[in-house]
Amino acid sequence: MSTGGGAVKTPSDFLKSIRGRPVVVKLNSGVDYRGILACLDGYMNIAMEQTEEYVNGQLKNKYGDAFIRGNNVLYISTSKTTLTDDA
């Protein structure tokens with residue numbers, strides 16, 4: 001059965017397509033990191049820039065660059081909001 005001729009995207013294709021874009025990385029502990037995805041490897045180790053740490057939805061810390069070990073990552077999502085929502 002054909003899917004209509006659309007290109008099939010793998011998770012690897014998705015991760016390559018979001019490099020350099022704002023993302024949300026949720027850890028197994030429930031902490032969110034929001035920033036620009038700089039790079040990642042096959043073990044899901046992640047390097048981010050302009051990183052903000054959120055605990056229970058509250059901004060706790062801001063980091064220039066951050067490295068997250070892949071075994072702590074629950075998921076990576078593209079960010080729907082801008083990173084600098086200063087209100």
Checklist entry - To the nearest 0.5 Å, what is the distance between CG (L37) and CD (E49)? => result 9.0 Å
Next on the checklist: If I take atom CG from residue N71 and atom CG from residue N45, how far apart are they, to the nearest 0.5 angstrom?
Outcome noted: 8.0 Å
Item to check | Distance (rounded to the nearest 0.5 Å) between T78 OG1 and R21 CZ | outcome: 6.0 Å
Item to check | Hydrophobic cluster partners of L74 (side-chain heavy atoms under 4.5 Å) | outcome: Y75
Next on the checklist: Hydrophobic clusters here meaning ILVMFWY residues chained together by side-chain heavy-atom distances under 4.5 Å, can you tell me if Y54 and F67 are in one?
Outcome noted: no
Next on the checklist: To the nearest 0.5 Å, what is the distance between CG on L40 and NZ on K16?
Outcome noted: 10.0 Å
Checklist entry - Between CD1 of I76 and NZ of K26, what distance do you get to the nearest 0.5 Å? => result 14.0 Å
Item to check | R69 CZ: over 12 foreign heavy atoms closer than 6.0 Å | outcome: no
Checklist entry - How far apart are the closest heavy atoms of M48 and R34, and which atoms are they? => result CE-C, 3.7 Å
Next on the checklist: Would L59 and E53 count as a side-chain contact (heavy atoms from CB on, under 4.5 Å) here? Give the steps.
Outcome noted: CA-CA 6 Å; L59 178 62; E53 178 183 47; 5.8 Å; no
Next on the checklist: Assess the residue pair D32 and V25 against the criterion (side-chain contact (heavy atoms from CB on, under 4.5 Å)); give the C-alpha distance rounded to whole Å, side-chain angles, the decisive distance to 0.1 Å, and a yes or no.
Outcome noted: CA-CA 6 Å; D32 288 355; V25 177; over 6 Å; no
Checklist entry - Heavy-atom distance under 4.5 Å between the side chains of Y33 and V24, does that happen here? => result no
Item to check | Non-neighbouring partners of N56 that pass side-chain hydrogen bond (donor to acceptor under 3.5 Å, both in side chains), sequence neighbours left out | outcome: none
Next on the checklist: Run I36 and V23 through side-chain contact (heavy atoms from CB on, under 4.5 Å) and show every step you take.
Outcome noted: CA-CA 6 Å; I36 307 297; V23 295; over 6 Å; no
Checklist entry - How many angstroms lie between CG in N61 and OG1 in T51, if you round to the nearest 0.5 Å? => result 10.5 Å
